[in-house]
Amino acid sequence: MGIRRCHLAAVSAATVMVVLLGGCGAAPSTAEAATSPEVATESTAGSMSDADVCTAFGDVLTIVENADLGLRGGRMDESEQLGWYQLATRVLGRLSPSGTSAVSQAIGELQAIAPAVPPGAQETVDIGSPEWASATERLYIACEEVGVELTIQVFTGG
């Protein structure tokens with residue numbers, strides 16, 4: 001049963017990655033990102049509605065919560081949790097809210113607290129810090145004001 005759950009978690013994680021990265025191909029290097037007009041404008045090319053940002057932030061919370069549960073349950077070590085947190089920063093970095101709404105401001109704060117960590121980098125992130133918790137709380141409130149409840153899917157443990 002344990003192997004089946006691990007396989008299910010791996011398949012779920014792979015599915016999330018395919019959905020998030022579908023059609024994107026390999027991520028450009030930092031140098032390519034700095035010089036490529038396509039990549040430089042990718043995040044600003046299409047902004048998201050506040051409701052869409054709130055819904056998508058649920059994926060960030062899902063990654064973080066499952067990584068935390070995996071660590072607490074002894075199914076992963078801190079380096080694996082950090083890898084999941086780094087993935088969460090990249091998903092967060094792809095959220096492009098429009099305007100100056102409370103949702104946009106809270107997402108901007110979260111992106112500043114936990115900027116996208118490139119794949120392969122060994123940087124730590126401030127997910128879980130008091131600043132992260134405070135900005136997340138502001139986002140919860142802002143999302144409720146636009147009629148969206150932040151939700152997560154727990155799929156590890158049990």
Side-chain angles (χ1 to χ4, degrees), residues 5-6 8-24 27 33 38-119 121 123-158:
R5 285 187 184 160
C6 288
L8 180 58
V11 169
S12 297
T15 302
V16 168
M17 289 302 300
V18 168
V19 170
L20 292 174
L21 299 175
C24 293
E38 257 180 45
V39 174
T41 61
E42 184 176 329
S43 64
T44 59
S47 57
M48 303 167 69
S49 72
D50 285 350
D52 289 341
V53 169
C54 292
T55 300
F57 187 71
D59 293 339
V60 173
L61 294 176
T62 293
I63 293 167
V64 169
E65 183 64 22
N66 282 284
D68 291 348
L69 289 171
L71 180 68
R72 281 193 303 268
R75 291 178 306 281
M76 71 175 66
D77 62 23
E78 288 180 1
S79 65
E80 186 175 353
Q81 179 193 38
L82 176 60
W84 285 106
Y85 279 10
Q86 291 171 340
L87 172 62
T89 67
R90 292 190 296 276
V91 174
L92 174 62
R94 290 184 182 103
L95 302 182
S96 56
S98 59
T100 58
S101 67
V103 169
S104 295
Q105 290 174 3
I107 286 292
E109 285 180 60
L110 288 160
Q111 289 170 333
I113 292 165
V117 176
E123 299 173 29
T124 59
V125 296
D126 286 332
I127 290 176
S129 69
E131 295 82 11
W132 172 268
S134 180
T136 300
E137 181 62 29
R138 282 190 291 282
L139 182 60
Y140 272 109
I141 293 166
C143 288
E144 285 179 352
E145 289 175 0
V146 296
V148 177
E149 183 177 338
L150 293 179
T151 59
I152 63 170
Q153 177 185 5
V154 175
F155 52 81
T156 61

Legend entry - Contact check, side chains of I63 and V60, non-hydrogen atoms, under 4.5 Å: no

Legend entry - Spacing of D59 atom CG and L150 atom CG [to the nearest 0.5 Å]: 11.0 Å

Inset, instruction - Please check if the side chain of T55 supplies one atom and the backbone of A51 the other of a donor-acceptor pair under 3.5 Å. - result: yes

Legend entry - Gap separating the CG atom of L110 from the OG1 atom of T136, nearest 0.5 angstrom: 4.5 Å

Legend entry - Shortest non-hydrogen contact from A135 toward I113: CB-CD1, 3.9 Å

Legend entry - Closest approach of M48 to R94 (non-hydrogen atoms, all atoms of both residues): SD-O, 4.4 Å

Inset, instruction - Name all residues meeting the side chain to side chain donor-acceptor pair (under 3.5 Å) criterion together with S79; count only those two or more places apart in sequence or in a different chain, and write none if there are none. - result: D77

Legend entry - Min side-chain heavy-atom separation V125-W132 under 4.5 Å: no

Legend entry - Q105 side chain to T100 backbone, donor-acceptor under 3.5 Å: yes

Inset, instruction - Return the set of residues passing side chain to side chain donor-acceptor pair (under 3.5 Å) with D126 (not counting sequence neighbours), or none when no residue passes. - result: none

Legend entry - Contact list for residues 51-117, test disulfide bond (SG atoms under 2.5 Å apart), sequence neighbours left out: C54-C143

Legend entry - Note, Q111 side chain near I107 side chain (heavy atom, < 4.5 Å): yes

Legend entry - Minimum heavy-atom distance between R90 and V117, given as atom pair plus value: NH1-O, 2.8 Å

Legend entry - Under the side chain to side chain donor-acceptor pair (under 3.5 Å) test, residues paired with E109 that sit two or more places apart: R138

Inset, instruction - Check whether any side-chain heavy atom of W84 lies under 4.5 Å from a side-chain heavy atom of V64, and answer yes or no. - result: no

Legend entry - Main-chain N/O of E123 paired to Q86 side chain as donor or acceptor, under 3.5 Å: yes

Inset, instruction - Taking T62 for its side chain and Q153 for its backbone only, find out whether a donor-acceptor pair lies under 3.5 Å. - result: yes

Legend entry - Check: V103 and F57 side chains under 4.5 Å, non-hydrogen atoms: no

Inset, instruction - Measure the shortest side-chain to side-chain distance between F155 and L69 over non-hydrogen atoms and say whether it is less than 4.5 angstrom. - result: no

Inset, instruction - Could you tell me which residues satisfy side chain to side chain contact (heavy atoms under 4.5 Å, CB included) with S104, sequence neighbours excluded, listed by chain and number? - result: D50, P97, S101

Inset, instruction - State whether the side chain of D52 and the backbone N or O of L95 hold a donor-acceptor pair below 3.5 Å, judged by distance alone. - result: no

Legend entry - Smallest separation among heavy atoms of E80 and R75, with atom names: OE1-O, 4.3 Å

Legend entry - Exercise: identify the closest heavy-atom pair between G70 and T156: N-OG1, 4.2 Å

Inset, instruction - Give the minimum heavy-atom separation between T89 and P115, together with the two atoms involved. - result: CB-O, 3.4 Å

Inset, instruction - Return each pair, listed once, that meets side-chain hydrogen bond (donor to acceptor under 3.5 Å, both in side chains) where at least one residue sits in residues 139-152; pairs must be two or more places apart or across chains. - result: none

Inset, instruction - Kindly compute the distance separating CG (L61) from CG (N66), expressed to the nearest 0.5 Å. - result: 11.0 Å

